[in-house]
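Here is the structure we will look at.
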Amino acid sequence: MVAGFAVALALVVYGVVGWLLHKPPTISAQPSSTPGVVNVSLQIDGAVGTGPHPGWVGYRVQNASGQWIQTTVIQLPAHSDVHFTVYQYDSGSGFRNPVWDQVAGTVGGVAYLNGKPATYFNDQVGNGIGHSFNVPALGINVPFAGVNGNASNFCNAGPCTMSELHNTITFDIHTGNPGSFRWQCFVPCGLGYLNGNGGPMTTVGYMGGFLKVVA
Amino acid sequence: MSQNVLDDSRSVEATKKVIPKLIAIWIVTSLIGSLLVWFVLGPHLPPGTMTDQAAGAQFDIRFVSTLVPPVLFFIWIFFGYSLIKWRVKPGEDPLAPAADFRGNSKTQGAWYIITTVLVLFLAAFGTYFLVVPAGAGGGEGPNPIWTPGTKNMLQVQVIAQQWRFTYRWPQFGGMETTSIYLPVNTEIQFNVTSLDVIHDFWAYQLGVKADANPDVNNVAFTKTQQLGRFTVRCDELCGVWHGAMYNYGYVVSQAQFQQWATQMEAQNAAVTKLLPKYSTTYTPSYAGNGGGYYPPQDPNANL
């Protein structure tokens with residue numbers, strides 16, 4: 001009886017402590033063939049498909065082994081050029097504020113949608129905007145165009161694969177001094193939550209996280 | 001058996017002789033304290049003097065702080081004297097020292113009058129300095145009653161959303177920026193609103209603080225008078241990233257502001273065309289933006 005209670009208590013404590021200490025892993029940018037340039041590859045899934053909230057929308061970051069890890073904490077070297085490649089698998093909608101249509105803070109103020117350069121993306125045309133990458137302290141904002149949610153090869157659960165419908169967005173940034181910089185998505189994509197801003201929008205590892213710029 | 005009679009050094013007559021000395025000490029210490037607060041501490045009190053409203057707030061705090069030493073020293077000096085002189089000695093009746101004051105109508109009357117005058121004065125002072133400087137930088141709602149004398153004001157719309165502020169400039173083609181620059185020596189009207197939950201626009205060094213409510217235009221006024229950097233913070237708990245909802249702004253020369261605004265207008269021209277027509281409030285669900293995310297019971301959903 002006492003032993004059973006002790007075991008149960010230990011399990012509860014283990015669970016609570018584990019839950020409190022749990023945080024998404026940090027994935028470092030990968031070196032590229034160009035000196036001074038590192039690569040970051042992201043994918044955005046309409047439903048992450050794993051973990052405690054498989055139905056939540058979320059980001060994945062590719063690690064050195066090529067695996068897609070569900071996280072939003074990315075480590076970047078300071079004073080370096082970083083090349084981002086984003087595979088956007090989710091359908092789109094509008095921003096609450098269309099000012100976020102603007103591409104900002106990238107090298108040249110430009111981002112490339114499937115290879116085509118643009119300084120802004122209209123969230124009211126086509127499939128709208130799926131998600132965005134906004135780092136307030138660095139002035140970075142890049143909207144990612146959505147895909148057709150009714151397509152037969154639409155990815156319903158992550159990790160998504162290249163054969164499934166996606167947009168590829170690329171852009172470059174130049175990092176400055178070391179620091180931890182918060183980023184978030186500005187599309188209200190927290191389905192079922194007040195103003196679309198709860199759930200994955202408020203949970204690190206899904207639609208917001210940190211860029212850790214290190215020396 | 002306890003003593004009911006105090007010794008001569010603590011008689012009413014002896015105390016009356018000491019009171020002028022205590023008052024003299026009080027006046028000297030209060031004067032020194034108040035002068036130090038006014039001239040040494042005063043210029044460093046928040047929120048500074050970057051705007052007329054901030055300077056007004058600093059004056060209010062400085063003035064009220066200057067009133068503190070007289071009150072403080074009054075309590076300390078008489079409390080200290082009482083502790084030393086009126087301390088109950090072994091064998092004395094503990095209530096004896098207070099016997100001469102109990103039911104003393106002059107003491108009671110003086111207490112009532114002094115405290116009443118002080119509180120009423122502070123109320124009148126606070127009201128005057130809230131009304132006269134056009135609402136003292138506070139949000140006055142959509143129809144402000146305390147307005148600046150001029151109608152020639154720079155209009156700045158503050159749009160809050162989880163979790164950033166953006167700024168819209170109706171006098172510059174309705175452009176919207178993520179940064180804020182203000183020209184010096186200029187009367188400014190802030191129109192503060194929100195696109196989602198309740199936020200608060202708190203431009204600390206400007207002395208401006210106004211809640212950002214969805215579907216409400218909350219107007220606040222200020223007049224810049226000093227160059228420098230100011231901090232904008234959200235001051236209503238608005239969600240998990242509330243603590244990260246801040247940015248910095250700058251009060252710059254009029255020429256620098258014109259240059260910045262012209263550059264921003266050109267840089268943002270393409271996106272300005274995509275923005276909804278300038279309005280004092282915006283309801284995203286009206287335009288369909290993010291409309292699918294509003295629950296059916298949302299009163300805005302069917303508008």
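- A distance of 11.0 Å separates OH in A/Y120 from OG1 in B/T272, rounded to the nearest 0.5 Å.
- What you find for A/P98 and B/L275 is that their closest heavy atoms are C-CD2, 4.0 Å.
- The contact between A/Q102 and chain B is made by backbone and side chain atoms together, counting heavy-atom distances below 4.5 Å.
- A/I140 CD1 to B/T178 OG1: the interatomic distance, rounded to the nearest 0.5 Å, is 12.0 Å.
- Distance CG/A/N97 to CD/B/E176: 4.0 Å, rounded to 0.5 Å.
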Quiz item: Can you list the steps and then say if B/R168 with A/V99 is a side-chain contact (heavy atoms from CB on, under 4.5 Å)?
Solution: CA-CA 10 Å; B/R168 200 157 180 198; A/V99 75; over 6 Å; no
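- Contact of the B/L195 side chain with the A/F95 side chain is not registered, since no non-hydrogen atoms from C-beta on lie closer than 4.5 Å.
- To the nearest 0.5 Å, atom CH2 of residue B/W163 and atom CG of residue A/N134 are 12.0 Å apart.
- The neighbour count for B/Q254 CD, taken as heavy atoms of other residues, nucleotides or ligands under 6.0 Å away, is above 12.
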Practice problem: Output, in order, the C-alpha distance, side-chain angles, deciding distance and verdict of side-chain contact (heavy atoms from CB on, under 4.5 Å) for A/W100 and B/V271. | Solution: CA-CA 9 Å; A/W100 304 122; B/V271 167; over 6 Å; no
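- Crowding of A/F210 atom CZ: a count of heavy atoms from other residues, nucleotides or ligands under 6.0 Å exceeding 12.
- Proximity to chain B is limited to the side chain of A/V204, based on heavy atoms less than 4.5 angstrom apart.
- Between B/D196 atom CG and A/R96 atom CZ the span is 5.5 Å, to the nearest 0.5 Å.
- For B/N268, the parts lying near chain A are the backbone and the side chain together; criterion is any non-hydrogen pair under 4.5 Å.
- A 6.0 Å sphere centred on CZ of B/F129 holds more than 12 heavy atoms belonging to other residues, nucleotides or ligands.
- Heavy atoms of other residues, nucleotides or ligands lying less than 6.0 angstrom from CG of B/N152 number 12 at most.
- The ring of A/F186 has its center no closer than 6.0 angstrom to the ring center of B/W241.
- Other residues, nucleotides and ligands place no more than 12 heavy atoms under 6.0 Å from the NZ atom of B/K223.
- With rounding to the nearest 0.5 angstrom, the CD atom of A/Q184 is 8.5 Å from the CD atom of B/Q162.
- Contacts of A/N141 with chain B are absent, with no heavy-atom separation under 4.5 Å from either backbone or side chain.
- Minimum interatomic distance between A/P136 and B/R164 (heavy atoms only, all atoms of both residues): CA-NH1, 3.6 Å.
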